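Okay, so here's the structure we're looking at.
Lettering of chains follows the sequences in order, A, B, ..., and the numbering in each one begins at 1. What you see is a predicted model; the values in this text were computed from it and never measured.
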Amino acid sequence: MMNNSKLPRKFYLQNTIEASKAVLGKVLVHRTNEGIISGRIIETEAYLQGDPACHANRGMTPRNEVMFGQPGHAYVYFTYGFHYCFNLVTQPEGIAEAILIRALQPLEGIKLMKRNRNKENPTDLCSGPGKLTQALAIGKPLNKADLLGDQLYLIDDGTDVGEIIAKPRIGIKEAVHEPWRFYPVEYINWVSRK
DNA sequence: ACATCGATCTACT
DNA sequence: GTAGATCGATGTA
């Protein structure tokens, strides 16, 4: 196994719940004009076909269109008036499933993150879905970005995150008991909620 | 056209 | 613990 390899398209074709766990520990990298900003993925949520909490559950709209397309693309949407959320599109074309990235452990570009967030405490930089998009400068222009391109991509650096906890998802009103939120025990101090 | 709501976060109590 | 911010997508007319 080679280290520091970009996740292949095939990664996004496995079962979305399995992929939500497998992506924990991978590194999300954004190459911006001002420098590289990256963090280790440590909290995810799975959104599935037939899942009432999934944006795509009521059919295709301009907003969720990318979820119905090719796997390994970014679904970025705007919510609550001033936050963006970043998702990984999984499954073949026609099947609209995704993984919401909820928290990162900051790695590179921490200075830029602090500036983008106007915060100093490292655990305040990426501990929430809206926080990490602000820290990494991920906005609407990156909706539909190909995660196998050179601007925004995921790296496997060989890190093993150990035991993973499954809990109900946060901030939804349907399917509230499904345990489709995942984070590793080892990173509990960096996630959005314990 | 217009009203409603949201996969949230912050600041304050 | 909760109010308030703030705007695009969506549903209804």
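Atom NZ in Lys173(A) sits about 11 Å away from atom P in dT8(B), given to the nearest Å. Atom-to-atom, CZ of Phe82(A) to C1' of dC7(C) comes out at 10 Å; the value is rounded to the nearest Å. Computed from coordinates, the Asp124(A) CG to dT10(B) C1' distance equals 11 Å when rounded to whole Å. Taking atom CZ of Arg117(A) as the reference point, atom P of dT10(B) lies 4 Å away to the nearest angstrom. Atom pair Glu45(A):CD and dA7(B):C1' shows a separation of 6 Å (rounding to whole Å applied). Summarising the geometry, the separation between CD on Glu65(A) and C1' on dA9(C) is reported as 14 Å, rounded to the nearest angstrom. Between the CG atom of Leu125(A) and the P atom of dT10(B) there is a distance of 10 Å, rounded to whole Å. As rounded to whole Å, 13 Å separates atom C1' of dT4(B) from atom CZ of Arg63(A).
Checking side-chain atoms of Arg117(A) against main-chain N and O of Leu125(A) turns up a donor-acceptor pair under 3.5 Å.
Remark: dT6(C) base-pairs with no nucleotide; criterion is Watson-Crick or G-U wobble with both hydrogen-bond distances under 3.5 Å.
Here the OG-CG distance, from Ser20(A) to Leu88(A), works out to 8.5 Å after rounding to the nearest 0.5 Å.
Nearest-nucleotide mapping onto DNA chain C: of Gly81(A) and Arg58(A), the residue sitting toward the 5' end is Gly81(A).
For the OP1/OP2 pair of dC7(C) and a distance below 4.0 Å, the side-chain nitrogens and oxygens of Lys140(A) include no atom meeting the criterion. Considering only side-chain N and O atoms, His83(A) lies nowhere under 4.0 angstrom from the phosphate OP1 or OP2 of dC9(B). Within the 4.0 Å cut-off from OP1 or OP2 of dT10(B), at least one side-chain nitrogen or oxygen of Lys131(A) is found.
Among the nucleotides dC7(C), dT8(B), dA11(B), the one closest to any side-chain atom of Lys119(A) is dA11(B).
Of the N and O atoms on the side chains of Thr16(A) and Thr90(A), at least one donor lies less than 3.5 Å from an acceptor on the other residue.
Residue Leu100(A) is in base contact, counting any heavy-atom pair closer than 4.0 Å across all strands shown. Residue-level contact check: Arg181(A) touches neither bases nor backbone, having no heavy atom under 4.0 Å from any strand. In this structure, Arg169(A) reaches neither bases nor backbone, as no heavy-atom distance under 4.0 Å exists between it and the strands shown.
Note: the hydrophobic cluster containing Leu132(A) does not contain Tyr75(A) (ILVMFWY, side chain heavy atoms under 4.5 Å, direct or indirect links).
With centres under 5.5 Å and a plane angle under 30° as the test, the ring of Tyr77(A) is not stacked against the base of dG8(C).
For the pair Val76(A) and Gly139(A), the tightest heavy-atom approach, listed with the atom from each and the gap, is CG1-O, 3.6 Å.
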